[in-house]
Trainee: 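Sharing a structure below in structure tokens format, with a few things to ask.
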Amino acid sequence: MNRTKVIKLMSVCIATIVVFIGFPLALAQSQSGHENHSQMNTNMMQMGQSGSEQTKTEVISLEKVHSEQIPVALQHIETAINAIETGRNNDALAELRNVKFMIAAIDNAVSQHITPKFINNKCPIMGSAINPANVTEDLIREYKGQKVAFCCKMCPAEWNKLSDTEKEAKLAKVRIDSPAQGENKI
């Protein structure tokens, strides 16, 4: 890959960080009013160590994500760009791996402050995991003012045939906040 393409790719990475992490952070902070942000829900973070399998666990808040983690991730990206421009591809890869782990941790921290799109994380008909990124409008049904997601095109049709009692029973097993969901965790 030539340097111009790599630099463009890195620019897209930076824009992605801003759009997909910066905006939800701003939204979460604006929705929380004047609460003490350092006391908000925190999440466990695993940050990759350059060139090794070791990880360290650190509790991060939205405030720390905004003030520390995003600037560090941007610095790793800048270092990777410089490494690519000087032909040090292995150094660039190491920096990008660090950014990958940091973005995953930032995503986990931010996700604690965002209302899910759907009330379920598994299909109420098939029991398959729901990936919100793959759910199109034809895979969504409104039920009692909330959105229910399905895994494939056949499931919404089956859902429509169910009585309210049957729908409630199926949803009880797949709701994000369901006790049954917690029972399946290891």
Side-chain angles (χ1 to χ4, degrees), residues 1 5-32 40-48 55 60-62 64-66 69-74 76-77 80 93 95-160 162 167 170-186:
M1 189 180 307
K5 287 182 182 179
V6 172
I7 291 172
K8 287 180 183 178
L9 177 64
M10 298 305 293
S11 298
V12 169
C13 289
I14 293 169
T16 301
I17 289 172
V18 171
V19 171
F20 289 106
I21 296 172
F23 290 147
L25 277 174
L27 178 62
Q29 287 191 355
S30 70
Q31 288 176 344
S32 66
M40 295 175 78
N41 291 337
T42 58
N43 197 15
M44 298 307 286
M45 172 185 150
Q46 290 188 337
M47 183 169 62
T55 59
I60 60 174
S61 65
L62 282 180
K64 187 169 184 172
V65 167
H66 177 70
Q69 300 301 318
I70 290 177
V72 170
L74 291 172
H76 281 294
I77 291 171
L93 286 173
E95 293 296 330
L96 292 175
R97 285 186 186 103
N98 283 336
V99 172
K100 177 182 174 184
F101 287 113
M102 293 180 78
I103 290 175
I106 290 168
D107 180 53
N108 285 333
V110 171
S111 70
Q112 300 297 313
H113 304 285
I114 296 174
T115 305
K117 289 181 178 183
F118 312 111
I119 61 171
N120 58 309
N121 59 1
K122 292 184 180 178
C123 179
I125 303 298
M126 301 292 288
S128 305
I130 298 292
N131 179 349
N134 296 335
V135 177
T136 57
E137 285 299 315
D138 60 328
L139 297 178
I140 301 170
R141 291 296 181 267
E142 188 88 15
Y143 182 70
K144 294 188 177 182
Q146 297 177 313
K147 292 182 179 184
V148 180
F150 298 92
C151 64
C152 65
K153 293 184 181 191
M154 292 182 280
C155 290
E158 290 298 316
W159 173 262
N160 292 340
L162 300 175
K167 288 176 181 177
K170 294 228 181 243
L171 276 178
K173 296 177 184 176
V174 298
R175 279 185 171 280
I176 290 173
D177 59 356
S178 168
Q181 287 285 316
E183 293 170 6
N184 295 331
K185 292 183 181 175
I186 295 174

Trainee: Apply side-chain contact (heavy atoms from CB on, under 4.5 Å) to residues Leu139 and Cys151 and explain how you reach the verdict.
Mentor: CA-CA 7 Å; Leu139 297 178; Cys151 64; over 6 Å; no
Trainee: Measure the spacing between NE2 of His76 and CD1 of Ile103 and express it to the nearest 0.5 Å.
Mentor: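 Interatomic distance, His76 NE2 to Ile103 CD1, rounded to 0.5 Å: 10.5 Å.
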Trainee: Heavy atoms only: give me the nearest Ala149-Pro124 pair and the separation to one decimal.
Mentor: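 Between these two residues, the closest heavy atoms are O-CD, 3.5 Å.
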Trainee: Taking all heavy atoms of Ala80 and all of Glu95, pick out the closest pair and write down the distance.
Mentor: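 Ala80 and Glu95 have their closest heavy atoms at CB-CB, 3.8 Å.
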Trainee: Please set out all donor-acceptor pairs under 3.5 angstrom arising from side-chain atoms of residues 131-138, sequence neighbours excluded.
Mentor:
residue : atom : partner : partner atom : Å
Asn131  : OD1  : Ala133  : N            : 3.1
Thr136  : OG1  : Asp138  : OD1          : 2.2

Trainee: Restricting to side-chain contact (heavy atoms from CB on, under 4.5 Å), what partner residues turn up for Leu93, sequence neighbours left out?
Mentor: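 Asn90, Arg97.
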Trainee: Could you walk me through whether Glu158 and Lys170 pass the side-chain contact (heavy atoms from CB on, under 4.5 Å) check?
Mentor: CA-CA 12 Å; Glu158 290 298 316; Lys170 294 228 181 243; over 6 Å; no
Trainee: Quick one: side-chain contact (heavy atoms from CB on, under 4.5 Å) partners of Lys100, sequence neighbours excluded?
Mentor: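 Lys100 satisfies side-chain contact (heavy atoms from CB on, under 4.5 Å) with no residue once adjacent residues are dropped.
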Trainee: Mind checking what makes side chain to side chain donor-acceptor pair (under 3.5 Å) contact with Lys144, not counting sequence neighbours?
Mentor: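 Lys144: side chain to side chain donor-acceptor pair (under 3.5 Å) contacts with Glu168.
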Trainee: Measuring from atom CG of Leu171 to atom CG of Leu162, what distance do you get when rounded to the nearest 0.5 angstrom?
Mentor: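 If I round to the nearest 0.5 Å, the distance is 9.5 Å.
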Trainee: If you look at every heavy atom in Asn120 and Lys147, which pair is closest and at what distance?
Mentor: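 That closest heavy-atom pairing would be OD1-O, 4.0 Å.
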Trainee: Going by side-chain contact (heavy atoms from CB on, under 4.5 Å), name the residues that satisfy it together with Met154, two or more places apart in sequence or in a different chain.
Mentor: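 For Met154, the residues satisfying side-chain contact (heavy atoms from CB on, under 4.5 Å) (neighbours in sequence not counted) are Cys152.
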Trainee: Which pair of non-hydrogen atoms, one from Phe150 and one from Arg141, has the smallest distance, and what is that distance?
Mentor: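 Answer, listing the atom of Phe150 first, then Arg141: CE1-CG, 3.6 Å.
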